[in-house]
Amino acid sequence: HGQKIGSHSLEQLWIIVSHFCQFKMKFTLVCLLSLVLAASEANSVDKNLRRGLQFGSTTPAPSAADGFGEDATPEPTPMDGGSFGGDGGFGGDSSGGSFGNGDGGDDDDDDDDQEGSESDSDSSSGSSSSSSSGGPGLRSPILVIMGHVDTGKTKLLDKIRRTNVQEGEAGGITQQIGATFFPDIALIEQTKKVDPDFDIEVPGVMIIDTPGHEAFNNLRVRGSSLCDMAILVIDIMHGLEPQTVESLEMLKQRKCFFIVALNKVDCLYQWKDKPNTSIQEALERQEQFVRDEFHKRLGDIILQLNQRGLNCALYWENEDPTSQVSIVPTSALTGEGVPDLLYMALKSTQEVMADKLEIEEELQCTVIEVKNIEGLGTTIDVILVNGTLKEGDQIVLAGIGGPIVTTIRALLTPQPMKELRIKAEYVHHQKINTSMGIKICAPGLEDAVAGSELFVCGPDDDLEELKEEVADFESVLNGFDKQPAGVYVKASTLGSLEALLSFLQDMKIPVFDVGIGEVHVRDVKKASIMKDKKHPEYAVIMAFDVKVNNEAKKLAEKDDVQIMTADIIYHLFDKFTKYMEQINEQKKEKKAAEAIFPCILQMNKEHIFRQKDPILVGCTVMGGQLRVGTPLCIPEKDNMVIGRVGGIEKDRKPVKVGRRGEQVCVKIEQNTAQTHITYGRHFDYKNTLYSLITRESIDTLKENFKSEMHKEDWELVVGLKQVFKIS
């Protein structure tokens, strides 16, 4: 059992075959595999076979019922999430769960075998998740996929994974930062479609998916700062769009190597598709007019990139990838060009940045997200680039109120080719020392800050020095000032919360307090404080991508607290805007009698229709705006009030407002004390009529009618304050 054969022990081989075979066949297959691996040392077996075995033997998974301490071994997951297999070899398209011809094994037998092998897998649960030490010494490169919203970034990853994360997202729009690990065995078949002789020298690829919506600038910055290389996705039908340009500038600032995925080629008129083929093959089968349209749109986009200082070419025409940006046409819908994209990503990392990918012992780890997970509490998602993380390590990272020092309770990773942000069965590790997206469970992470570096405090490290290193980290939340009156904000993750706060700040919406996770009763009680502070309009909880429990809903209805939920950030803003419009309308109705708009009227001598109550005169609006209910006075006659505007007509039609320069007929209604005032006896056309504004009416205009006041109206207010001697 302890004897080494090649780079594997029989104990490891036993774990592998446990997933594929019935119990009676296990011993026979172990013997066969031993012979195969021994022969592989003499180069008689393709190295891709060895990679498949290597990957399959190093991925322990937790039992669904067990806690953090119990591990079980998952089924290895090649391209379609099935087991090793295919049409006669490893890494094929088969969805079956057996070796050889791809015929799937019996599910029940597989389950029994997994239970039978659990004791064996437990013994290997502490093994590292890295690739074999016999490899070339390169870590997995970290790629980030960036671009404008709806260009097909997540759909491209879905096509590689053969999953459907994008349709599960609200509105089909990515609103969190996510990471997926693609093992080399899952990439071999695709790259062989482009270049059969291409060898993958890295253990796999880690791809970070970032949101494209303008509100999530913070997550794009975070993703671009972590990567070795980037894939910039451009829609061939729309060219460069605002967030594409923003992403491009980020990459240029960081001098980050990148390639362009020119997506949605299948949208070209009468495109003939054939799923998952090389793009050169796809272009060859198109009609000439389709190829002409492709080259025309390609030329337009190359020109746009040229204008931003970039030389570009189709990847197969690019003789110098270090000085020219390679363009890979793709279709996330049909999969055409996806093999080319993977090929170029791997080839570029292996040829251009091999030195950068050499494995280093020094820890390099960054927090990309903070999230509250049911059953796990507050967790952090990190990208481990170099170094080692172990259960029980004391870690130091930045927090909102200062450095956080805690101990790792569990290291979890998604199944290979599964999203880190998607809740599913996690693989539990005692130790990880390879490029990987990891979910860390530890106490006291509630105030952790995304984007900060994570340090491990070893026996020879100074804890205080590490705390000083993370103390200087700046985040959106560090600069966030809680307002005495404002809304209460809840979000599913810290990254989403940062984006929402930035968005609300731009929209000039004050925020009273923030939180992460589900809306509870205590959150409703916090929001209701606004009523005590005489700001009932801000008794609002803006809940982004989170649930609201039933007790919170009941209390909110009782206390008249508004809970606004949305899965898309700008939908939440739309809801709040509509709510505030209703509130403002209600305020306007209550304050309408107090609101006196500035106005100056000149009566027309030829249009005096009635001289006493109600007085009817034709007037020209000389300044401001005339509204129904406005009290009119004559300043030169000791501010004599002659009545209130009862109605306004223009061209014999009633109107609500008379603007500067307009000629209108005004009906002036008088109260009992004013009925003795008549036209011709007390005033005439030579007198100018003014609206009688007061200090209170000016304040009302500022608070409730600001949007209806123009610049010239405020200038008239300043003049009338002098006329009526208002301070």
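Because the structure is a prediction, the values reported are computed rather than measured.
Contacts of Arg285 classified as side chain to side chain donor-acceptor pair (under 3.5 Å), with partners at least two apart in sequence or in another chain: Thr277, Glu336.
Side-chain contact between Asp273 and Leu333: absent, with no pair of heavy atoms (C-beta onward) separated by less than 4.5 Å.
Between the side chain of Asp228 and the backbone N or O of Ile142 there is at least one donor-acceptor pair closer than 3.5 Å. With Gln286 contributing its side chain and Ala282 its backbone, the two residues share a donor-acceptor pair below 3.5 Å. Lys193 contributes no side-chain N or O that, together with a main-chain N or O of Val338, makes up a donor-acceptor pair within less than 3.5 Å. Checked by atom type and distance alone, the side chain of Asp393 never pairs as donor or acceptor with a backbone atom of Ile395 at under 3.5 Å. In this structure, Thr413 contributes its side chain and Ile438 its backbone to no donor-acceptor pair below 3.5 Å. A donor-acceptor pair under 3.5 Å is formed between the side chain of Asn306 and the backbone N or O of Leu310. In this structure a side-chain-to-backbone donor-acceptor pair under 3.5 Å is present from Gln350 to Glu201.
A distance of 5.0 Å separates CG in Leu268 from CD1 in Ile236, rounded to the nearest 0.5 Å. Separating the CZ atom in Phe198 from the CD1 atom in Ile188 is a distance of 10.5 Å, to the nearest 0.5 Å.
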For a salt bridge (Lys or Arg N to Asp or Glu O under 4.0 Å) check, start with the C-alpha distance between Glu249 and Lys252, then their side-chain angles and the critical distance, and finish with the verdict. CA-CA 5 Å; Glu249 293 304 316; Lys252 285 167 67 178; 3.7 Å; yes
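Enclosure of atom CD in Glu361 is not indicated, since only 12 or fewer non-hydrogen atoms of other residues, nucleotides or ligands lie within 6.0 angstrom.
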